[in-house]
Amino acid sequence: MRVAGERESGLDLVLAQPRGFCAGVVRAVDIVERVIARGDSPVYVRHEIVHNGRVVADLQAKGARFVESLDEVPDGATTIFSAHGVSRAVEAEAARRGLPVVDATCPLVAKVHGQGRRYAAQGRTVILVGHAGHAEVEGTLGQIDGTVHLVGSVAEAEGLDLPAGTPLAYVTQTTLSVDDTRAIIATLRRRFPDLVGPETRDICYATQNRQAAVRALADIADVILVVGARNSSNCNRLREIAAEAGRPSHLVEGAQDLEQIALDGVRTLGLTAGASTPEVVIAEVIAALQRRTPLRISSLPGIVEGVTFPLPSSLSHT
């Protein structure tokens, strides 16, 4: 029997809402599984379908082969473009070789491509707010005609050197920090008053919802765990936002990473997961925590996402 005033053992584990898979990820994974199920063999996926090692490994076990270049795809093999999108050069190369292609580009990424092309067609020089080297950014850069200036920080926005009077527009990577992006856009607008663009609407609903949820989590948690892959942009942004809110935060790819995290003195532990993190990995992390200490598990109230994206027409009846 617990004595009055004695501290209860274990800790409170509070789960963010929403967390885990978004509609674009669900669609992309479903596309690969359906292409495999209809008997296409082998099936090649250009780049990781989403940035999560467990998802990639599970699809490899089912028969998918992941490559970084179309040079690695044999003639005639079914090829899937990842959720991050690809450049028009990649699309043209696949067409030249006659590769059967199924495009799993997230519809919200495809929307950014379309916006960028429209701005370029209007004669505007396009600024892409995003992180150099990210697969989505590489694809977007290759979807827009003319010179595209990549800006990843306020400092880069301050240093952008463009002739006075240049008609400008901007688009953004979908997985950025909302606050950081607003600051970059504000800097660009101050320096280039005639700049046009979509504010932060290009940042996808799932990214914004998960960032709002981790901010709410930071109000009550002593430490925050973000479950997801280290090469996932949206997972890294969640960890950074928690840290900026003054909470120790850790990005864990799976239960094995928990051994490195001290929980002594922690009373409330917050847990969230990026949009590319499968529920099975979240469950494994929670189970590992339960083996370590008693847990009292609860969930914050939050947005329940009901968004779905249609499959490509070639798969809609499979």
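Since we're looking at a predicted model, the values are computed, not measured.
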For Arg34 versus Leu315, what's the shortest heavy-atom pair and its separation? NH1-O, 3.5 Å
Tell me every residue that passes side chain to side chain contact (heavy atoms under 4.5 Å, CB included) with Pro167, counting only those two or more places apart in sequence or in another chain. Arg124
On a heavy-atom basis, the closest approach of Ala206 and Cys22 is CB-CB, 3.4 Å
Could you grab the distance from atom OG1 of Thr181 to atom CZ of Arg237, nearest 0.5 Å is fine? 9.5 Å
Given Glu158 and Arg190, is the salt bridge (Lys or Arg N to Asp or Glu O under 4.0 Å) satisfied, shown in steps? CA-CA 10 Å; Glu158 290 284 9; Arg190 174 177 55 76; 2.3 Å; yes
Is any side-chain heavy atom of Tyr170 closer than 4.5 Å to a side-chain heavy atom of Thr172? yes
Shortest non-hydrogen pair, Ala28 vs Val50, comes out as CB-CG1, 4.4 Å
Counting distance only, does the side-chain N/O of Gln173 pair as donor-acceptor with the main-chain N or O of His131 below 3.5 Å? yes
Min side-chain heavy-atom separation Tyr44-Glu72 under 4.5 Å: no
A side-chain contact here means heavy atoms from C-beta on lying under 4.5 Å apart; do Thr140 and His113 qualify? yes
Is any side-chain heavy atom of Ile220 closer than 4.5 Å to a side-chain heavy atom of Leu300? yes
Using a 3.5 Å distance criterion without hydrogens, assess whether the side chain of Thr79 forms a donor-acceptor pair with backbone atoms of Ala77. yes
How long is the gap from CD1 on Ile184 to CG on Leu160, to the nearest 0.5 Å? 11.5 Å
Is there a path of hydrophobic side-chain contacts, each under 4.5 Å between heavy atoms of I/L/V/M/F/W/Y residues, joining Leu176 to Ile241? no
Under 4.5 Å between side-chain heavy atoms, hopping through other hydrophobics if needed: is there a path connecting Leu59 to Val43? yes
Once you round to the nearest 0.5 Å, how far does OG1 of Thr272 lie from CD of Gln211? 10.5 Å
Residues passing the ring-ring contact (aromatic ring centres under 6.0 Å, His included) test with His134, sequence neighbours excluded, are His51, His84
For the backbone of Glu156 and the side chain of Ser153, can you confirm whether one donor and one acceptor N or O come within less than 3.5 Å of each other? yes
Of all the heavy-atom pairs spanning Phe81 and Val90, show the shortest one and how long it is. CE2-CG1, 3.9 Å
Output, in order, the C-alpha distance, side-chain angles, deciding distance and verdict of side-chain contact (heavy atoms from CB on, under 4.5 Å) for Glu138 and His47. CA-CA 12 Å; Glu138 294 300 318; His47 194 64; over 6 Å; no
Pair Arg182-Asp179, salt bridge (Lys or Arg N to Asp or Glu O under 4.0 Å): steps then yes or no: CA-CA 5 Å; Arg182 284 196 182 111; Asp179 288 344; 3.6 Å; yes
Within the 4.5 Å heavy-atom criterion, are Asp103 and Pro312 side-chain neighbours or not? no
Taking the side chain from Arg19 and the backbone from Ile282, do they hold a donor-acceptor pair closer than 3.5 Å? no
Are any non-hydrogen side-chain atoms of Gln290 and Ile297 less than 4.5 angstrom apart? yes
Checking the side chain of Asp222 only, and the main-chain atoms of Arg267 only, is there a donor and an acceptor separated by less than 3.5 Å? yes
Determine, using the 4.5 Å side-chain heavy-atom cutoff (strictly less than), whether Val26 and Val45 are members of one ILVMFWY cluster. yes
Is there a side-chain contact between Leu295 and Thr293 (heavy atoms, below 4.5 Å)? yes
Main-chain N/O of Ala275 paired to Asn234 side chain as donor or acceptor, under 3.5 Å: yes
side-chain hydrogen bond (donor to acceptor under 3.5 Å, both in side chains) between Glu240 and Ser177: does it pass, once the steps are laid out? CA-CA 9 Å; Glu240 290 170 0; Ser177 159; over 6 Å; no
Taking the side chain as every heavy atom from C-beta outward, state whether Val55 and Ser276 have any atom pair closer than 4.5 Å. no
Begin from the C-alpha positions of Arg46 and Glu93 and carry the test salt bridge (Lys or Arg N to Asp or Glu O under 4.0 Å) through to its verdict. CA-CA 13 Å; Arg46 186 189 178 278; Glu93 175 63 10; over 6 Å; no
Exam field: side chain Arg247 to backbone Ala218, donor-acceptor pair closer than 3.5 Å: yes
Which of these passes salt bridge (Lys or Arg N to Asp or Glu O under 4.0 Å) with Arg54: Glu48, Glu284, Glu253? Glu284
Leu70-Ile80 co-clustered via ILVMFWY side chain contacts under 4.5 Å: no
Between atom CD of Glu136 and atom OG of Ser82, what is the distance when rounded to the nearest 0.5 Å? 9.5 Å
For Glu68, I'd like to know if atom CD has over 12 heavy atoms of other residues, nucleotides or ligands within 6.0 Å. yes
Co-membership, hydrophobic cluster, residues Val14 and Leu263, 4.5 Å side-chain: no
Nearest 0.5 Å, what's the OH-CG distance between Tyr119 and Leu195? 8.5 Å
Which pair of heavy atoms, one from Arg210 and one from Ala273, lies closest together, and at what distance? CD-O, 4.1 Å
Over all heavy atoms of both residues, which pair between Pro248 and Gly246 is shortest? Give the atoms and the distance, please. CD-O, 4.0 Å
Could you state the interatomic distance from CG (Leu238) to OG (Ser249), rounded to the nearest 0.5 Å? 10.0 Å
Asn236 side chain to Arg230 main-chain N or O, any donor-acceptor pair under 3.5 Å? yes
